[in-house]
Amino acid sequence: MSRASGHPRVELCIPVSIFAEIVSLCLPEEKGSEQENKFTIEDLYRLIEFWQGLNMVVLRPNKAVAVACYNLYMDESVRDSRLSPTDLVHLGYAMAYDLDYLITTDKNLRKYKIPDAFQLLVIHPKNADDIFS
C-alpha cells in the first residue's frame, strides 16, 4: 500500500467499508461471546497510524455502489456462492467506482469471474509490486 500511495500514476482508493470491517475485527467482543478477536485495539491504533501516512482516497457509498452490490448478490448470472456478503461489498465498490485493480489476499475474490463490462483486475498484493514499479 505504501508503494501504491506514493506512485505518481496511481490513486490508492479504500472503501469506507474496509475501515468499518477492520475496526470491528479489533474491537473487544461483547461479554459472553465465544468468538475471540484476531486483532487487538493496539493493532487498530498501529493501523490508523499507518493509514495516516498514506495518500489515499476514501470511497463512500453512493447509488452506484448500492446497485452494484445488489446486482452482485441478486443476479444469478454473476453470483458466486464462494463470496461472502463482505466480499461482494468490496467488489461492488471496485466496480461502481470503475477501478482498474482490486488488490486482495482473498482467494475467492481473485478467482471470481468479473463481468466483461468491467475492466477490473483482481490481484494479490505480491503481484501489485509489478504494477507499481
### Task
Could you check if a side-chain atom of Val78 sits within less than 4.5 angstrom of a side-chain atom of Tyr112, using non-hydrogen atoms only?
yes
### Message
Measuring from atom NE2 of His124 to atom CG of Leu109, what distance do you get when rounded to the nearest 0.5 angstrom?
### Response
12.0 Å
### Query
Is there a side-chain contact between Ile114 and Leu102, using heavy atoms and a 4.5 Å cut-off?
no
### Euclidean distance, Ser17 OG relative to Arg60 CZ, rounded to 0.5 Å
13.5 Å
### Query
If you look at every heavy atom in Leu120 and Ala94, which pair is closest and at what distance?
CD2-CB, 3.7 Å
### Query
More than 12 foreign heavy atoms under 6.0 Å from CD of Glu21: is that the case here?
yes
### Message
Using every non-hydrogen atom in the two residues, find where Ile14 and Met56 come nearest and quote the distance to one decimal.
### Response
CG1-SD, 3.4 Å
### Query
Would you say the side chain of Val57 lies within less than 4.5 Å of the side chain of Cys13, judging by non-hydrogen atoms?
yes
### Message
When you compare the side chain of Leu12 with that of Asn55, does any pair of heavy atoms fall below 4.5 Å?
### Response
no
### Task
Among residues two or more places apart or on two chains, list those pairs meeting salt bridge (charged side-chain N to carboxylate O under 4.0 Å, His left out) that have a residue in residues 79-90.
Glu76-Arg79, Asp80-Arg82
### Message
I'd like to check Met95 versus Asn71 (side-chain heavy atoms, cut-off strictly below 4.5 Å). Are they in contact?
### Response
no
### Message
What's the separation between atom CD1 in Ile103 and atom CZ in Arg110, rounded to the nearest 0.5 Å?
### Response
12.0 Å
### Message
Do Tyr73 and Tyr70 sit in one hydrophobic cluster, given that two such residues count as connected whenever their side-chain heavy atoms are within less than 4.5 Å of each other, even indirectly?
### Response
yes
### Message
Under the rule for salt bridge (charged side-chain N to carboxylate O under 4.0 Å, His left out), what residues qualify as partners of Glu42, not counting sequence neighbours?
### Response
none
### Message
Checking Asp116 now: which residues fulfil side chain to side chain donor-acceptor pair (under 3.5 Å) with it, not counting sequence neighbours?
### Response
Lys113
#### Entry: Of all pairs that satisfy side chain to side chain donor-acceptor pair (under 3.5 Å), the ones with a partner from residues 94-105, not counting sequence neighbours
Asn62-Tyr97
### Query
Do Val58 and Ile48 share a hydrophobic cluster (ILVMFWY, side-chain heavy atoms under 4.5 Å, transitive)?
yes
### Query
Does the side chain of Pro15 come within less than 4.5 Å of Val89's, by heavy atoms?
no
#### Entry: Glu49 side, atom CD; Leu44 side, atom CG - distance, nearest 0.5 Å
11.5 Å
### Task
Could I get the full list of ring pair (Phe, Tyr, Trp, His ring centres under 6.0 Å) partners for Phe19, not counting sequence neighbours?
Trp51
## Note on the structure
Scanning both residues in full, the closest heavy-atom pair of Ala68 with Gly92 reads CB-O, 3.6 Å
### Asp43: partners by salt bridge (charged side-chain N to carboxylate O under 4.0 Å, His left out), with sequence neighbours left out
Arg46
### Task
Measure the CG-CD distance between Leu99 and Glu11 for me, rounded to the nearest 0.5 Å.
8.5 Å
#### Entry: Over all atoms of both residues, closest heavy-atom pair of Pro61 and Val16
CD-CG1, 3.7 Å
